[in-house]
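First comes the structure, then the notes that go with it.
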Amino acid sequence: MHTGLIFLSSMASDIVSKLQSRNASHESILATATIGLSIYTSILGCALILVGKFHLASYCRLLPYSVVGGYLGYIGFFCGQAGLSLMAGVNVSNLLQWYKFMQVDALMHLSPGLIGGSILYWAVRTYRHVMVLPTCVLALIGSFYAWLWMTGSSVCNATEDGWINKTVNSSSSW
Amino acid sequence: MHQQKLQRQQKHHGTTAARHGRSPDFLVDRSDDDDDVMMAETLSTSISPLLGPPHNNRYRHGMITSGLSLMEFNNANTITTATASITKNGFHNGGVDQLYDEYNTDNYCYGAVATIHDNRLQTQVEGAGSSSIEHPTSPTLSQCYQSGTTHHHPQYEVDGVNKFIDGRKQSKHQDDDTAIQQLHTPKQPLQPPQANNPAYISILFGLVNTAIVLPIIMSFGSIIYQHEFFRPHLSILMKLTVISGAVHQLVFSTMSSLPFAVGQVQDSGGFGFPPVGFYSVCVSHHTVIVSLSLSVSFQQCIQD
């Protein structure tokens with residue numbers, strides 16, 4: 001699970017870096033990255049089909065627990081770091097760059113997310129019901145926009161302040 | 001002779017226990033007779049997989065109160081048919097009723113039903129040696145689980161009891177091989193209970209999953225395209241990711257042999273469209289075409 005989260009992220013970043021170093025055009029980089037990721041995952045799908053067809057899955061048990069556990073642990077670390085980076089609006093790719101989270105602006109953007117995550121964790125652990133998680137997710141989203149309404153801010157202001165991702169205007173209707 | 005029998009049964013118990021594991025948190029009626037005790041232990045070991053985690057009370061409740069099953073034990077030199085009871089649900093039978101006890105005939109041991117009480121305080125045995133079924137029809141396991149009721153007798157398990165009763169009657173008049181074959185051959189294959197949820201329940205589950213998965217997919221998309229280069233186009237890349245997740249889930253749900261299969265793009269390494277190629281070569285080929293065409297469309301959309 002979550003193989004794409006790590007490998008594809010790394011591949012996308014590498015594709016961009018290498019093509020930028022070769023002065024490729026913006027469109028070429030974007031096309032190479034998106035289509036390249038599609039082809040790579042297609043190869044992964046074919047490989048998995050072959051593994052099932054030739055009954056090679058049983059050899060997966062030969063993987064040591066340290067390898068499997070270490071990989072799972074890294075996935076957790078990667079997801080946590082990426083989530084913090086996303087909230088704080090800073091680019092952090094390893095532990096040595098975590099000092100960026102200590103900046104005032106980063107901490108201000110991190111605090112609501114950390115509080116919301118803690119509430120989510122507490123609610124899921126406390127109330128064993130299927131509706132707890134979706135209710136909390138919807139409540140967090142509603143709380144954010146309720147806070148905007150109460151403070152008189154708009155979505156544009158929130159975007160400018162870094163609470164919502166800045167994106168280019170798209171002509172598409174979806 | 002008796003010692004040899006005990007040794008064989010102990011060996012058999014070890015084999016069965018190793019195969020099925022053992023659940024310590026339930027009771028099986030035991031008679032004073034050593035052989036019956038041994039048989040009850042064997043049955044308790046064999047039925048323990050039906051009981052589930054000992055601390056999952058709801059699941060355990062449903063499975064224990066249903067707990068009738070026809071078991072087959074290999075590598076045993078005793079041909080034994082045993083009955084038992086579930087006092088809470090109207091199954092009245094006490095202890096273990098041993099019909100066959102022969103040596104060096106066939107390497108099979110037929111244990112049918114064991115007495116199981118889901119409450120240790122309700123361990124009274126009624127009508128030892130008799131067998132009756134007061135509730136031949138009952139809700140399925142899924143219905144039982146949804147409604148929270150504890151009265152659950154899956155049909156295949158009742159069939160197992162009927163099969164045992166019929167086999168016991170016929171075995172008195174036929175030779176052992178025939179009786180064994182009839183006991184061994186099920187009238188209906190044992191099938192796990194099928195989920196039969198109403199449509200509104202399925203829709204509700206779908207909405208719940210959507211509320212959970214949608215932010216997750218978008219956050220995963222943000223992680224995949226976390227390079228500064230993608231930031232101006234993150235909006236449309238998010239849409240691409242969400243469509244990938246929808247296609248992936250659609251193929252998972254339609255093509256997986258598991259009725260509860262749930263898969264998202266991150267499960268297969270696919271923040272493009274190809275993860276749909278997981279379960280079918282055909283789908284995989286189509287995936288490449290679909291992903292390429294959609295990527296071209298995406299490219300045109302960017303250029304516009």
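Atoms considered below: every heavy atom in the structure, side chains included; atoms not considered: hydrogens, waters and symmetry mates. Chain letters run A, B, ... following the sequence lines, proteins first and then strands; every chain starts at 1.
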**OP:** State whether the side chain of B/His227 and the backbone N or O of A/Ser17 hold a donor-acceptor pair below 3.5 Å, judged by distance alone.
**Re:** no
**OP:** May I ask you to name which of B/Phe230, B/Phe229, B/Phe205 has the most heavy-atom pairs under 4.5 Å with chain A?
**Re:** B/Phe229
Subject >> Choice from A/Leu86, A/Asn91, A/Ile29 maximising heavy atom contacts with chain B below 4.5 Å >> reply: A/Ile29
Original post:
Are side-chain N/O atoms of A/Ser28 and A/Ser25 paired as donor and acceptor at under 3.5 Å?
Top reply: yes
Subject >> Side chains of B/Gln226 and B/Ser222, donor plus acceptor under 3.5 Å >> reply: no
Original post:
Just by distance, with hydrogens left out, do A/Asn157 and A/Ser154 show a side-chain donor and acceptor under 3.5 Å apart?
Top reply: yes
**OP:** Please flag which part of A/Met11 lies under 4.5 Å from any non-hydrogen atom of chain B: side chain, backbone, both or neither.
**Re:** neither
Original post:
Which region of A/Ala47, side chain (C-beta onward) or backbone (N, CA, C, O), has a non-hydrogen atom less than 4.5 Å from a non-hydrogen atom of chain B, or is it both or neither?
Top reply: neither
